[in-house]
*Asks:* 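Sharing a structure here in structure tokens format.
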Amino acid sequence: MKLYGAPQTRSVQAVWMLEECGARYERVLVDIRGGAQHTPEYHAINPMEKVPALVDGEARIAETGAICAYLADRFPEAELAPRIHDPERGRYLQWLFFSGSCVEPSFMEKVLGIDVNPSQAGWGNYAKVLDVLEEGVGDGPWLLGDRFTAADVVIGSGLYFGVRLFDLIAPRPAFDAYIDRCMARSAFVRAQELAEDWT
Ligand SMILES: N[C@@H](CCC(=O)N[C@@H](CS)C(=O)NCC(=O)O)C(=O)O
């Protein structure tokens with residue numbers, strides 16, 4: 001299994017997930033600052049020419065949420081996803097998709113300082129997304145209660161990015177407590193180090 005990535009990118013989320021799974025994998029640097037993502041070879045792995053991307057035998061997966069979902073199913077013994085007939089799988093999938101469809105666009109809304117019509121924008125608006133996130137992580141410890149899943153890797157990474165690394169989200173007690181729980185996981189700690197070293 002090969003993870004294509006680069007330092008200081010969303011690749012850290014995929015590394016965190018791989019570490020949660022206890023997977024054996026190789027980290028392959030894509031020098032995105034030098035343009036290495038725009039080669040025909042890498043385009044064949046991820047046509048968006050972005051990192052991260054995962055190659056597992058014949059399987060090729062890009063989009064961080066999809067990589068996390070794939071890995072959770074690929075390593076069922078790690079118990080990072082409700083099984084297919086478990087009703088909790090509905091909420092799990094909702095949170096996994098919520099990141100790419102709502103959290104990320106809402107961050108862009110904030111960065112660009114634009115106002116959107118919440119009925120037209122698929123993500124509602126930034127304020128609504130934050131309120132839904134707060135409600136989701138509020139009771140804790142995880143999005144599905146006592147059960148830590150791949151959805152926490154994805155949502156936890158987004159909140160860590162928005163609250164702790166960049167000043168995109170004003171701190172709220174529920175966010176801080178949830179981020180602290182994520183940061184206390186040994187896989188999270190390992191990922192922060194590993195994802196900086198792609199030599
Ligand atoms: N929607 C993608 C976004 C991936 C993305 O934007 N990656 C950035 C780094 S965090 C990248 O590869 N940038 C290089 C480029 O676009 O040339 C995901 O969730 O994986």
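When a ligand or atom number is given, it counts from 1 through the structure's own listing order.
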*Asks:* If we count only N and O atoms by modelled type, under 3.5 Å, do the side chains of Y70 and D56 hold a donor and an acceptor together?
*Replies:* yes
*Asks:* Report yes or no: is the cationic atom of R185 (NZ for Lys, CZ for Arg) closer than 6.0 Å to the six-membered ring centre of W142, at no more than 45° off its axis?
*Replies:* yes
*Asks:* Looking at ligand 1, does any of its N/O atoms fall within less than 3.5 Å of an N/O of E104?
*Replies:* no
*Asks:* Return the closest protein heavy atom for atom 5 (C) of ligand 1 as residue, atom name and distance.
*Replies:* R10 NH1, 3.4 Å
*Asks:* Which bit of Q37 gets closer than 4.0 Å to ligand 1, counting heavy atoms only: side chain, backbone, both or neither?
*Replies:* side chain
*Asks:* Does the distance from a Lys or Arg side-chain N to an Asp or Glu carboxylate O, for R147 and D86, drop under 4.0 Å?
*Replies:* yes
*Asks:* May I ask you to list the atoms of ligand 1 that are less than 4.0 angstrom from any heavy atom of P52?
*Replies:* 20 (O)
*Asks:* Report yes if K50 has an N/O atom closer than 3.5 Å to an N/O atom of ligand 1; otherwise report no.
*Replies:* yes
*Asks:* Does V51, backbone or side chain, put an N or O under 3.5 Å from an N or O of ligand 1?
*Replies:* yes
*Asks:* What atoms of ligand 1 come closer than 4.0 angstrom to any heavy atom of E63?
*Replies:* 1 (N), 2 (C), 18 (C), 19 (O), 20 (O)
*Asks:* Salt bridge check: are R10 and E104 linked by an N-O gap of less than 4.0 Å?
*Replies:* yes
*Asks:* Below 4.0 angstrom from a heavy atom of T64, which ligand 1 atoms are there? Numbered from 1 as shown, please.
*Replies:* 18 (C), 19 (O), 20 (O)
*Asks:* Would you say N125's side chain and K128's backbone share a donor-acceptor pair under 3.5 angstrom?
*Replies:* yes
*Asks:* Taking atom types as modelled, is there a side-chain donor on E109 or W123 under 3.5 Å from an acceptor on the other?
*Replies:* yes
